[in-house]
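Reviewing the structure listed below.
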Amino acid sequence: MKKIAAVVLSLFIMAFSAVCFAESYQMTYEANNFTEEMKDNQALKETFTTPYGAMKFQMRNLWGSGSDKRLHLIVWLNDKRIDDEHFPKVDYGYTFRVIKNTSNSEQYYVLQSIERAVLFGYSPEKNKLEVYIDSQNYAHEAGAYPYIVALKDGKLVLAFEKGNKCRRYQFKWDQKAKWFGYSELGEGWHSIMKDKQ
């Protein structure tokens with residue numbers, strides 16, 4: 001009888017752990033099209049508390065640079081510079097959002113335009129920001145707008161939308177690979193705006 005009780009208790013604990021610690025994503029910050037109104041050489045700064053310390057982002061609208069290097073992104077972790085990149089000028093500007101994995105408090109950072117969406121995350125093993133998701137690496141219709149968002153049900157997705165057509169990919173963190181795995185959810189979805197947080 002004790003063995004049966006122990007097995008039942010073990011199964012209950014495993015089921016409880018799976019429910020309580022299931023991977024779920026939450027959007028914690030969003031600045032829509034924030035670069036559209038930026039003046040020449042204006043910089044915007046935001047700091048976020050992470051499991052590794054203070055992560056500070058600075059995004060500057062570079063005046064006098066070529067259109068391929070108009071947005072300058074610099075990232076610091078605990079006052080040490082860990083990333084420095086340039087992005088092209090785009091119509092309607094860039095959107096920046098922060099998405100947190102609620103099961104482990106890891107944060108991911110999305111920079112998105114009408115042409116491209118990327119999701120960055122800090123790699124403690126490499127002490128730098130990694131580009132974990134880049135919309136340019138996934139099949140989609142030419143001219144489709146990319147979105148990387150957390151849905152109301154806690155899923156992390158990349159969606160491409162053009163007119164009535166919407167294709168989606170869902171992402172889950174692979175702890176062993178230390179990278180995101182994905183599954184293609186196909187086409188036929190309604191607008192991501194109905195489902196995003």
Co-membership, hydrophobic cluster, residues [X] and [Y], 4.5 Å side-chain:
X: Tyr108; Y: Leu77; answer: no
X: Tyr109; Y: Trp173; answer: no
X: Val110; Y: Val98; answer: no
X: Val118; Y: Phe34; answer: yes
X: Ile114; Y: Val157; answer: yes

Using 0.5 Å steps for rounding, measure from the [atom1] atom of [X] to the [atom2] atom of [Y].
X: Lys56; Y: Ile82; atom1: NZ; atom2: CD1; result: 12.0 Å
X: Leu62; Y: Met38; atom1: CG; atom2: CE; result: 9.0 Å
X: Met55; Y: Tyr122; atom1: CE; atom2: OH; result: 7.0 Å
X: Gln170; Y: Ser183; atom1: CD; atom2: OG; result: 5.0 Å
X: Phe180; Y: Glu130; atom1: CZ; atom2: CD; result: 11.5 Å
X: Ile192; Y: His190; atom1: CD1; atom2: NE2; result: 7.5 Å

Where [X] and [Y] come nearest, the two heavy atoms and their spacing:
X: Ala150; Y: Tyr25; value: CB-O, 3.8 Å
X: Leu156; Y: Ile133; value: CD2-CD1, 4.3 Å
X: Ala159; Y: Cys166; value: CB-SG, 4.4 Å
X: Pro146; Y: Glu115; value: CG-C, 3.9 Å
X: Phe120; Y: Leu111; value: CE1-CB, 4.2 Å
X: Leu73; Y: Phe57; value: CD1-CD2, 3.8 Å

Subject >> Those residues that, when tested against Glu30, pass salt bridge (charged side-chain N to carboxylate O under 4.0 Å, His left out) (two or more places apart) >> reply: Arg97, Lys196
**OP:** Could you name each residue pair satisfying salt bridge (Lys or Arg N to Asp or Glu O under 4.0 Å) that touches residues 149-164, not counting sequence neighbours?
**Re:**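 Listed by first then second residue: Glu141-Lys162, Asp153-Lys155.
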Could you check whether any side-chain heavy atom of [X] comes within less than 4.5 Å of a side-chain heavy atom of [Y], counting everything from C-beta outward?
X: Arg70; Y: Asn61; answer: yes
X: Arg116; Y: Asp134; answer: yes
X: Met27; Y: Val149; answer: no
X: Leu158; Y: Ser135; answer: yes

Exercise answer: donor-acceptor pairs, residues 85-93 side-chain atoms, under 3.5 Å, sequence neighbours excluded:
none

Treating [X] as the side-chain partner and [Y] as the backbone partner, does any N or O pair qualify as donor plus acceptor under 3.5 Å?
X: Gln58; Y: Ala43; value: no
X: Thr28; Y: Ile99; value: no
X: Asp174; Y: Ala177; value: yes
X: Arg60; Y: Asn41; value: yes
X: Thr102; Y: Ser24; value: yes

**OP:** Taking atom CD of Glu125 as the centre, report whether more than 12 heavy atoms of other residues, nucleotides or ligands fall under 6.0 Å from it.
**Re:**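 Yes, the 6.0 Å shell around CD holds more than 12 heavy atoms from other groups.
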Subject >> Asn164 atom CG, neighbour heavy-atom count above 12 within 6.0 Å >> reply: no
**OP:** Quick one: name the residues clustered hydrophobically with Trp76, using the 4.5 Å side-chain heavy-atom rule over I, L, V, M, F, W, Y, and just say none if it's on its own.
**Re:** Ile74
Could you pull out all donor-acceptor pairs under 3.5 Å where a side-chain atom in residues 45-54 meets a protein atom, sequence neighbours excluded?
{"from": "Glu46", "atom 1": "OE2", "to": "Tyr29", "atom 2": "OH", "distance (Å)": "3.1"}
{"from": "Thr50", "atom 1": "OG1", "to": "Tyr52", "atom 2": "N", "distance (Å)": "3.0"}
{"from": "Thr50", "atom 1": "OG1", "to": "Gly53", "atom 2": "N", "distance (Å)": "3.2"}
{"from": "Thr50", "atom 1": "OG1", "to": "Gly53", "atom 2": "O", "distance (Å)": "2.7"}
{"from": "Tyr52", "atom 1": "OH", "to": "Glu106", "atom 2": "OE1", "distance (Å)": "3.4"}
{"from": "Tyr52", "atom 1": "OH", "to": "Glu106", "atom 2": "OE2", "distance (Å)": "2.4"}

Subject >> Stepwise side chain to side chain contact (heavy atoms under 4.5 Å, CB included) check, Ser123 with Tyr132 >> reply: CA-CA 10 Å; Ser123 168; Tyr132 288 118; 3.9 Å; yes
Original post:
Can you list the steps and then say if Met59 with Leu71 is a side chain to side chain contact (heavy atoms under 4.5 Å, CB included)?
Top reply: CA-CA 7 Å; Met59 290 163 266; Leu71 180 68; 3.9 Å; yes
Original post:
Quick one: ring pair (Phe, Tyr, Trp, His ring centres under 6.0 Å) pairs with a partner in residues 136-155, sequence neighbours left out?
Top reply: Tyr138-Tyr169, Tyr138-Phe171, Tyr138-Tyr182, His140-Phe160
